[in-house]
Number of protein chains: 2
Amino acid sequence: MNESRDYQAINQALIKVYSGIMWIEEHELRKSTFADLTIKEMHAIDAISMYDHQTASAVAKKLHLTPGTMTATADRLTKKGYVKRVRDEQDRRIVRLYLTKKGRVLYRAHRAFHNMMVAQFLDGMTDEEMKTVRKALRNLENFVDEHA
Amino acid sequence: MNESRDYQAINQALIKVYSGIMWIEEHELRKSTFADLTIKEMHAIDAISMYDHQTASAVAKKLHLTPGTMTATADRLTKKGYVKRVRDEQDRRIVRLYLTKKGRVLYRAHRAFHNMMVAQFLDGMTDEEMKTVRKALRNLENFVDEHA
DNA sequence: ATAATGTATTTTGGAAATCAAATTATTTGA
DNA sequence: TCAAATAATTTGATTTCCAAAATACATTAT
């Protein structure tokens with residue numbers, strides 16, 4: 001019963017932090033040389049990633065998008081010069097998504113931003129405390145996996 | 001240098017957890033009696049909240065929406081019967097947003113879902129560990145405030 | 001008191017984001 | 001080989017969103 005208020009406080013913090021981070025990312029992007037992108041498009045670029053050359057459907061799954069939405073997103077990113085489609089030679093139904101040079105530059109910049117954020121997240125923590133944070137995150141991952 | 005890999009792991013966990021939670025909320029909603037709502041509309045209802053009778057612009061600010069987008073969202077929620085607009089009698093420029101009975105039922109259900117999630121988030125933690133989690137969240141809140 | 005300025009919301013026009021369902025191209029299994 | 005399965009695209013619709021202009025009301029300065 002007493003926990004309820006604590007839960008609400010943590011709830012509010014989680015919501016505020018999440019929407020705040022999105023907002024910051026969006027506005028950092030608008031001020032940057034990549035102002036032609038939206039935050040969703042940037043996250044799609046992050047999901048496509050630099051090394052894996054994943055299939056369109058693998059990326060769609062990561063982002064929880066339907067195939068049609070994935071196609072539209074890849075279209076826009078291709079038109080804007082961040083992504084390249086490559087037909088798989090073994091199985092010609094498959095399209096693999098690659099980042100262009102421009103896409104890779106953005107990818108690294110976005111990762112750097114996230115790293116800075118995580119550094120602040122963990123600021124001033126001992127190893128012991130970091131273990132606790134990991135445990136909390138693992139709890140949430142379990143929650144997500146169980147309900148998926 | 002060595003921290004970089006840890007950061008990436010926490011990064012990935014954060015991204016996975018947030019997009020996973022969104023997905024779960026979306027799909028719980030679709031299976032419920034509130035299937036006429038999207039996740040964005042539900043979060044707007046959460047932001048409007050039960051007791052405050054906030055102005056449209058206060059809600060817009062909370063959700064980081066432009067005034068126009070707020071109007072469109074309130075339109076849809078009003079049409080669907082979750083929200084009521086009330087002109088302020090003192091200052092007739094102002095519109096206050098109220099939840100209808102139906103809106104309040106959903107609000108409580110959504111809060112309950114979040115509480116369950118937070119409970120799992122904190123599962124099996126000692127008081128000491130909870131303090132650490134709070135500290136991590138406070139760090140992130142500071143990050144958000146600093147960059148806003 | 002009234003004109004200018006400021007504030008809250010709505011409207012308009014357009015792009016991006018999304019889904020469900022139908023379609024196309026290709027592969028695989030019987 | 002041919003039916004079923006799979007990967008991606010297309011189509012048609014709604015939602016989400018923003019910028020800028022318009023509207024309506026309130027406040028301030030003259």
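These numbers come from the heavy atoms of this one structure, side chains and all, not from hydrogens, waters or symmetry mates. Proteins come first, then strands; the chains are lettered A, B, ... in the order of their sequence lines, and each starts at number 1.
Looking at B:Arg93, its side chain comes within 3.5 Å of the base of C:dT7 through a donor and an acceptor atom.
Across the protein-nucleic acid pair, A:Arg92 atom CZ and D:dT6 atom C1' stand 16 Å apart, rounded to whole Å. We find that CD of B:Glu89 is positioned 12 Å from P of D:dC25, with the value rounded to whole Å. To the nearest angstrom, P of D:dC18 lies 16 Å from CG of A:Leu37. In this structure, B:Lys61 atom NZ and C:dT9 atom P are separated by 13 Å, rounded to whole Å. Atoms CG (A:Asp36) and C1' (D:dC18) sit 16 Å apart, rounded to a whole Å. What separates CD1 of A:Ile94 from P of D:dA5 is a distance of 18 Å, to the nearest Å. For the pair A:Asp91 CG and D:dA5 C1', the interatomic distance rounds to 12 Å; values are reported in whole Å. We find that CH2 of A:Trp23 is positioned 16 Å from P of D:dC17, with the value rounded to whole Å.
Each of A:Arg87 and A:Thr66 has a nearest nucleotide on DNA chain C; the 5'-most of these lies closest to A:Thr66. Closest-nucleotide positions on DNA chain C for A:Pro67 and A:Gln90 were compared, and the one nearer the 5' end corresponds to A:Pro67.
A close approach under 4.0 Å does occur between a side-chain nitrogen or oxygen of A:Lys40 and OP1 or OP2 of C:dT18. For the OP1/OP2 pair of C:dA8 and a distance below 4.0 Å, the side-chain nitrogens and oxygens of B:Thr55 include no atom meeting the criterion.
Taking the side chain as every heavy atom from C-beta outward, B:His64 and A:Glu26 never approach each other to under 4.5 Å.
With distances taken from any side-chain atom of A:Thr71 to the nucleotides D:dT15, D:dA8, C:dT9, the minimum falls on D:dA8. For A:Thr69, the listed nucleotide lying nearest its side chain is C:dT18; candidates were C:dT18, D:dC17, C:dA8. Of the candidate nucleotides C:dC19, D:dT9, C:dT9, C:dT9 has the atom nearest to the side chain of B:Val95.
Within the 3.5 Å criterion, the main-chain N or O of B:Leu37 finds a donor-acceptor partner in the side chain of B:Arg30.
Using a 4.0 Å heavy-atom distance criterion, B:Thr38 is classed as a sugar-phosphate-only contact. Among the protein residues, B:His43 comes within range of no part of the nucleic acid, since none of its heavy atoms lies under 4.0 Å from any strand. Within the 4.0 angstrom heavy-atom criterion, no nucleotide atom of any strand lies near B:Arg96. Within the 4.0 angstrom heavy-atom criterion, no nucleotide atom of any strand lies near B:Thr73.
Ring pair B:His110/B:His114 is perpendicular by interplanar angle, where above 60° counts as perpendicular and below 30° as parallel.
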(request) Under the salt bridge (Lys or Arg N to Asp or Glu O under 4.0 Å) rule, what do A:Arg96 and A:Asp91 come out as? Steps first, then yes or no, please. (result) CA-CA 11 Å; A:Arg96 292 182 183 280; A:Asp91 182 343; over 6 Å; no

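Between the side chains of A:His43 and A:Glu25, at least one donor N or O lies within less than 3.5 Å of an accepting N or O.
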